[in-house]
Amino acid sequence: MTDDFRVRYAPSPTGYLHIGNARTALFNWLFARHYNGTFVIRIEDTDSARNIENGEQSQLENLKWLGLDWDEAPDKPGQYGPYRQSERNEQGIYQEFIDELLAKGLAYKSYKTSEQLAEERAAQQAAKQAPHYIYEYEGLTNEEREAKYADFEAQGLKPVVRFRVPEEKVYAWDDIVKGHIEIGAKEVGGDWVIQKADGMPTYNFAVVVDDHLMKISHVLRGDDHVSNTPKQMMIYEALGWDVPKFGHMALIINGATGKKLSKRDNDVLQFVEQYRELGYQPEAMDNFIGLLGWSPKGEDEIFSLEEFKEMFDEHRLSKANAKFDQKKLEWINNQWIRKDKDRIMPQLFDQIIAAGLISKEEAEKRADWLKEVIEVAGVDGISYTKQIVDLVREPFFQLGEVTDEMVDYLTSEDGRKVYDAWEKAYTALPDDADAGTYMATIRGIQNDLEIKGRNLWNPIRIATTHQIQGPNLPEMLVLLDKPAVLKTMADVKAKYLD
RNA sequence: GGCCCCAUGGUCAAGUGGUUAAGACGUCGCGUUCUCAGCGCGGAAUCGAGGGUUCGACUCCCUCUGGGGCUACCA
C-alpha cells in the first residue's frame with residue numbers, strides 16, 4: 001500500500017446497496033487496488049432524517065458479498081477516523097473549519113426562514129430568473145451584521161451558516177474521465193449552506209473537510225456530482241487546501257425511462273440484495289457492473305475481480321451514460337453458473353429446498369440423483385439459480401396437467417399404437433435401464449410401427465411425464481422412479497385410452 | 001429557463017485521419033435434435049443532422065438536433 005493513491009467510497013446509509021452505488025464502490029476499489037493504493041469507506045450520515053436502520057450494515061455486507069474489501073472504514077479504523085460523519089461532527093471536526101471561515105469573513109450566519117427562501121425563489125422564477133440566493137447583509141459593516149445576528153437570536157431564530165461565494169471566479173479542473181471542465185462560481189446558485197440549523201455540516205462541505213483530512217487523492221464518483229465540484233473547490237480554496245483529482249463517471253440509465261437509475265424505478269431490480277436472492281453470483285455482478293461504462297482492451301467479456309484489477313485503466317472509463325441491460329446481466333450470470341457447477345450445486349439445492357420440492361434431509365440423501373436431475377433439467381439454460389426450481393418441478397417432483405393438445409397426441413391412431421408398444425417394451429425393461437437402452441427401445445418401436453418424430457415421441461413423453469416438451473426423454477426416464485412412471489402411465493391409459 | 005456533460009447497430013461497446021467500422025448481449029434465419037435448453041454457422045450499423053478543415057474524416061472544428069445531469073438546511 002502506498003499513500004500516493006487514497007480513494008474512498010462514501011455512501012450514505014439511506015437505503016440498501018444500489019446498483020449505481022455498487023458500481024461507484026467497485027471502480028474506486030479497482031482504482032485503489034490496481035495502483036496499490038488505499039481504499040477507504042466513509043459513512044455520510046449527516047441527514048439523520050433519511051438514515052435507515054440497517055443501511056450501513058447492509059451496504060457493507062453486500063459490498064463484502066461482491067468481494068470488495070477495504071483498508072479503513074467504521075469497522076476497520078485507520079489513522080484518519082472516525083469514519084462516520086455523524087461521529088466526526090460530534091468531535092467538532094467540522095465546527096472548527098466553519099468557525100475558521102466565519103472568522104475570516106468567508107462565511108456568515110443566515111436566519112432566513114424556509115418560507116422566506118421559498119418566497120424569494122418563487123419571485124425569481126416568476127421573473128424568469130435562475131434561482132439565486134440573495135445576500136441579506138449587503139453593505140453592512142461587521143458590527144452591523146453582528147447586531148443583526150443578535151436580533152435574530154433574540155427572536156429565537158436558529159441560523160444556518162452560508163458560504164460567501166466569490167461570484168466572479170471560475171473553477172476549472174481536468175476531470176479524469178471527462179477532460180477539462182470549467183464552471184463559473186455564479187452558477188452554483190449563490191451563497192450555499194455549509195452548516196444546517198441542526199448543527200450538521202452539509203454534504204458539499206463535509207465531503208471537502210473529510211477528503212482533505214483523510215488525505216484522499218482521487219475522487220471517482222458519479223456524473224451527478226459535476227455541478228457540486230465548483231462548490232467543493234471553493235471550500236478547498238477558502239481553507240487553503242490542495243484539491244484532489246476528480247473523475248466523474250457516466251451514470252447508469254434505466255432503459256425504460258432513459259433517466260438516471262433511481263431507487264423509485266420499480267421496473268428494474270435496483271438493489272444488490274435482490275439479485276443475490278434470485279441467485280445471481282457476486283462474480284457475475286462484478287463482471288456486469290465492471291463492463292458498464294468501462295471496457296477492456298480485448299474481445300473477452302468474462303472477467304474475475306482479480307482480472308479487472310489487473311486490467312484497470314481509468315482512461316478506459318466511458319463518458320457516455322450506459323443503459324442497464326438486464327439481458328446481458330443474465331447472460332453473464334449464466335456464464336458464471338456454468339463455469340463451475342460443483343461450486344454452484346449447493347445453491348441450486350438450496351433453491352429447490354426453499355421452494356419446498358424436497359426436504360433438506362432427502363436432498364442430502366439423494367444428492368447424486370438430485371445433481372443429475374439438475375443437470376438433465378437444463379441447468380445450462382438458467383439465468384439465475386432460482387430458475388432451477390421451475391425447471392426441475394415437473395416431472396421430477398410433480399406432474400402437470402394433461403392438456404387437450406396432449407390428449408390429441410395420445411388418442412390419435414398412431415398415439416394408441418405407440419402407447420401400447422411402449423407399455424409393453426417399458427414394462428419388460430429392467431428397473432435400472434440406462435438412457436441408451438431407453439433410446440434403443442424407442443428406436444425399436446419406431447422401426448416396428450414405422451412411426452417417427454413427434455407422433456412417436458410425444459405419446460411416450462406425455463404418458464410418462466405429462467409433458468409435451470422438455471429435456472431428453474431417455475435421460476429423464478433414467479432419473480424417474482419406474483413404479484411411479486408405471487402408475488402415471490396406467491392413470492393416463494385409464495383416463496384417455498380405455 | 002440557466003449551467004454542465006454526452007452522442008458508433010435495440011443494448012454494452014472497440015475504434016484516437018486512410019479499417020471489409022472489432023467483439024459481446026439481444027434478435028432473426030439455418031443446422032444438430034422427438035421437443036425445450038445447449039451447441040455450431042450465418043444475416044442485419046455507413047458511425048444523430050448540416051456545415052467546414054484536409055488529398056482523405058466515425059475520428060479535428062462550428063452550428064443545430066437529441067439525450068442526460070445539476071439547479072435543497074439530500075447525499
Side-chain angles (χ1 to χ4, degrees), chain A residues 10-14 21 44-47 49-51 85 110 112-114 117-118 121 124-125 128-132 158-162 175 177-179 181-184 186-190 192-204 206-207 221-231 248 250-251 253 255 258-260 288 291-302 316 318-332 334 338 376-382 391 439 442 446 452-461 467-474:
Chain A
S12 61
T14 55
N21 296 140
E44 312 220 321
D45 54 352
T46 54
D47 186 351
R50 296 206 321 160
N51 294 340
Q85 291 186 328
S110 174
K112 285 189 194 173
T113 61
S114 48
L117 291 171
R121 219 168 286 146
Q124 287 170 331
Q125 251 159 5
K128 294 215 160 95
Q129 292 168 336
H132 199 280
K158 281 278 200 184
V160 298
V161 176
R162 283 180 185 270
D175 198 275
V177 352
K178 302 206 181 267
I181 299 180
E182 48 181 71
I183 299 178
K186 62 180 184 304
E187 309 299 345
V188 307
W192 51 280
V193 175
I194 60 177
Q195 186 177 41
K196 307 183 230 178
D198 65 1
M200 282 286 197
T202 57
Y203 163 75
N204 280 305
V207 102
R221 58 185 12 169
D223 210 343
D224 46 348
H225 286 287
V226 168
S227 52
N228 285 324
T229 307
K231 284 187 181 175
H248 291 94
L251 302 174
I253 299 297
K259 310 267 193 239
K260 173 172 79 160
F288 175 70
L291 253 22
L292 252 196
W294 186 85
S295 60
K297 274 205 174 108
E299 293 177 356
D300 296 338
E301 302 270 342
I302 301 301
R316 297 187 72 84
S318 165
K319 293 191 208 192
N321 293 342
K323 284 188 179 137
F324 186 85
D325 183 357
Q326 176 104 27
K327 282 274 185 286
K328 179 114 181 201
L329 205 207
E330 289 179 0
W331 176 77
I332 289 178
N334 169 273
R338 292 167 59 170
V376 167
V379 66
D380 283 346
I382 65 173
L391 253 28
M439 181 58 98
I442 295 171
Q446 173 174 331
K452 60 179 182 175
R454 293 163 197 235
N455 292 335
L456 167 71
W457 287 86
N458 280 348
I460 301 173
R461 185 179 275 284
Q467 286 182 327
I468 203 163
Q469 63 167 221
N472 279 325
L473 186 55

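Per chain, numbering begins at 1; letters A, B, ... match sequence-line order.
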Say whether, by atom type as modelled, one donor and one acceptor occur between the side chain of K196(A) and the main chain of P159(A) under 3.5 angstrom. no

Is there a donor-acceptor contact under 3.5 Å from the side chain of S295(A) to the main chain of L291(A)? no

Would you say N204(A)'s side chain and K231(A)'s backbone share a donor-acceptor pair under 3.5 angstrom? no

Provide the distance between the two P atoms, one in rA22(B) and one in rG15(B), to the nearest whole Å. 14 Å

Separation of N334(A) atom CG from rA24(B) atom P, in whole Å? 16 Å

The side chain of Q469(A) lies closest to which of these nucleotides: rC36(B), rA22(B), rA24(B)? rC36(B)

When rounded to the nearest Å, what value does the distance between P atoms of rC62(B) and rU20(B) take? 30 Å

5'-most contact on RNA chain B: N228(A) or E182(A), nearest heavy atom basis? E182(A)

Under 3.5 Å on both distances, the Watson-Crick or G-U partner of rA72(B): none

What nucleic acid atoms does L473(A) come within less than 4.0 Å of, heavy atoms only: base, sugar-phosphate, or nothing? base

Kindly say whether A49(A) contributes a backbone atom to a donor-acceptor pair with the side chain of D47(A) at under 3.5 angstrom? yes

Need one value for G189(A): base, sugar-phosphate or nothing, where a base atom within 4.0 Å counts as base even if backbone is also close, heavy atoms only. nothing

With a non-hydrogen cut-off below 4.0 angstrom, is P474(A) in contact with a base, only sugar-phosphate, or nothing? base

K112(A), NZ atom: more than 12 neighbouring heavy atoms under 6.0 Å: yes

Which part of the nucleic acid, if any, lies within reach of R162(A) when heavy atoms closer than 4.0 Å are counted: base, sugar-phosphate only, or nothing? sugar-phosphate

Between CD of Q195(A) and P of rC74(B) the distance, given in whole Å, is 12 Å

Quickly work out the E330(A) CD to rC12(B) P distance and round it to whole Å. 17 Å

Side chain of V226(A): nearest nucleotide among rC73(B), rC4(B), rC34(B)? rC4(B)

Reckon R221(A) has a side-chain N or O less than 4.0 Å from the OP1 or OP2 of rG69(B)? no

Per L292(A) side chain, nearest of listed nucleotides rC12(B), rG68(B), rC73(B): rC12(B)

Distance, C1' atom - from rU32(B) to rA37(B), rounded to whole angstrom: 13 Å

With a 4.0 Å cutoff (strictly under), does any side-chain N or O of K196(A) reach OP1 or OP2 of rC74(B)? yes

With a non-hydrogen cut-off below 4.0 angstrom, is R454(A) in contact with a base, only sugar-phosphate, or nothing? sugar-phosphate

Is a donor-acceptor contact shorter than 3.5 angstrom present between the side chain of E301(A) and the base of rG23(B)? yes

Counting distance only, does the side-chain N/O of D300(A) pair as donor-acceptor with the main-chain N or O of I302(A) below 3.5 Å? no

Students often get this wrong, so: under 4.0 angstrom with heavy atoms, is G255(A) touching a base, only sugar-phosphate, or nothing? nothing

Could you tell me whether A197(A) contacts a base, only the sugar-phosphate backbone, or nothing, with contacts defined as non-hydrogen atoms closer than 4.0 Å? base

Between rG67(B) and rU11(B), how many Å separate the two C1' atoms, rounded to a whole number? 15 Å

Span that lies between the C1' atom of rC12(B) and that of rG26(B), in whole angstrom: 11 Å

Out of rA75(B), rG23(B), rC73(B), which has the shortest distance to the side chain of T46(A)? rA75(B)

Give a yes/no on whether any side-chain N or O of S227(A) is located under 4.0 angstrom from OP1 or OP2 of rC5(B). no

Any base atoms under 4.0 Å from N472(A), or only sugar-phosphate, or nothing? Heavy atoms, all strands. base

Does a side-chain N or O from R50(A) land closer than 4.0 Å to OP1 or OP2 of rA75(B), or not? no

On RNA chain B, check which nucleotide each of V160(A) and K327(A) is closest to and give me the residue with the more 5' one. K327(A)

Distance, nearest 0.5 Å, that separates CG of L292(A) from CD1 of I253(A): 10.5 Å

Would you indicate, yes or no, if rU11(B) has its OP1 or OP2 atom less than 4.0 angstrom from a side-chain nitrogen or oxygen of K323(A)? yes

Complementary nucleotide for rA57(B) - Watson-Crick or wobble, under 3.5 Å: none

Rounding to the closest angstrom, what is the interatomic distance between rA57(B) and rU16(B) at atom C1'? 12 Å

For Q467(A), does its backbone N or O pair with a side-chain atom of R461(A) as donor and acceptor, under 3.5 Å? no

Base-pairing mate for rU32(B) - Watson-Crick or G-U, with both contacts under 3.5 Å: rG38(B)

Once you apply a heavy-atom cut-off of 4.0 Å, does S114(A) come out as touching a base, just sugar-phosphate, or nothing? nothing

Is R338(A) close enough to rC39(B) that one of its side-chain N or O atoms is under 4.0 Å from OP1 or OP2 there? yes

Is there a stack between W457(A) and rC34(B), judged by ring centres under 5.5 Å and planes under 30°? yes

Touch check for H225(A), heavy atoms < 4.0 angstrom, all strands: base, sugar-phosphate only, or nothing? base

rG9(B) versus rG48(B) - spacing of their P atoms, nearest Å: 7 Å

Closest to the N321(A) side chain: rG68(B), rC6(B), rC73(B)? rG68(B)

When both hydrogen-bonding distances must be under 3.5 Å and the geometry is Watson-Crick or G-U wobble, what is rG9(B) paired with, if anything? none

Classify the nucleic acid contact of E187(A) as base, sugar-phosphate or nothing, counting any heavy atom under 4.0 Å across all strands shown. sugar-phosphate

A130(A), nearest nucleotide to its side chain (from rA75(B), rC73(B), rG1(B)): rG1(B)

Using distance alone, with no hydrogens and no angle criterion, decide if N51(A) and D45(A) have a side-chain donor and acceptor under 3.5 Å apart. no

Donor-acceptor contact present, side-chain R221(A) to main-chain H248(A), <3.5 Å: no

Identity of whatever pairs with rU27(B) - Watson-Crick or G-U, under 3.5 angstrom: rG43(B)

So which nucleotide from rC4(B), rC6(B), rG10(B) ends up closest to the side chain of D325(A)? rG10(B)

Looking only at side-chain atoms of E299(A), point me to the closest of rA14(B), rG23(B), rU35(B). rG23(B)

Contact class for K231(A) vs. all strands (heavy atom < 4.0 Å): base, sugar-phosphate, or nothing? nothing

Could you check whether L291(A) gets within reach of a base, just the sugar-phosphate, or nothing at all, counting any heavy atom under 4.0 Å? sugar-phosphate

For atom P, what is the distance between rA75(B) and rU71(B), given to the nearest Å? 11 Å

Under 4.0 angstrom, heavy atoms only, what part of the nucleic acid is K259(A) near: base, sugar-phosphate, or nothing? sugar-phosphate

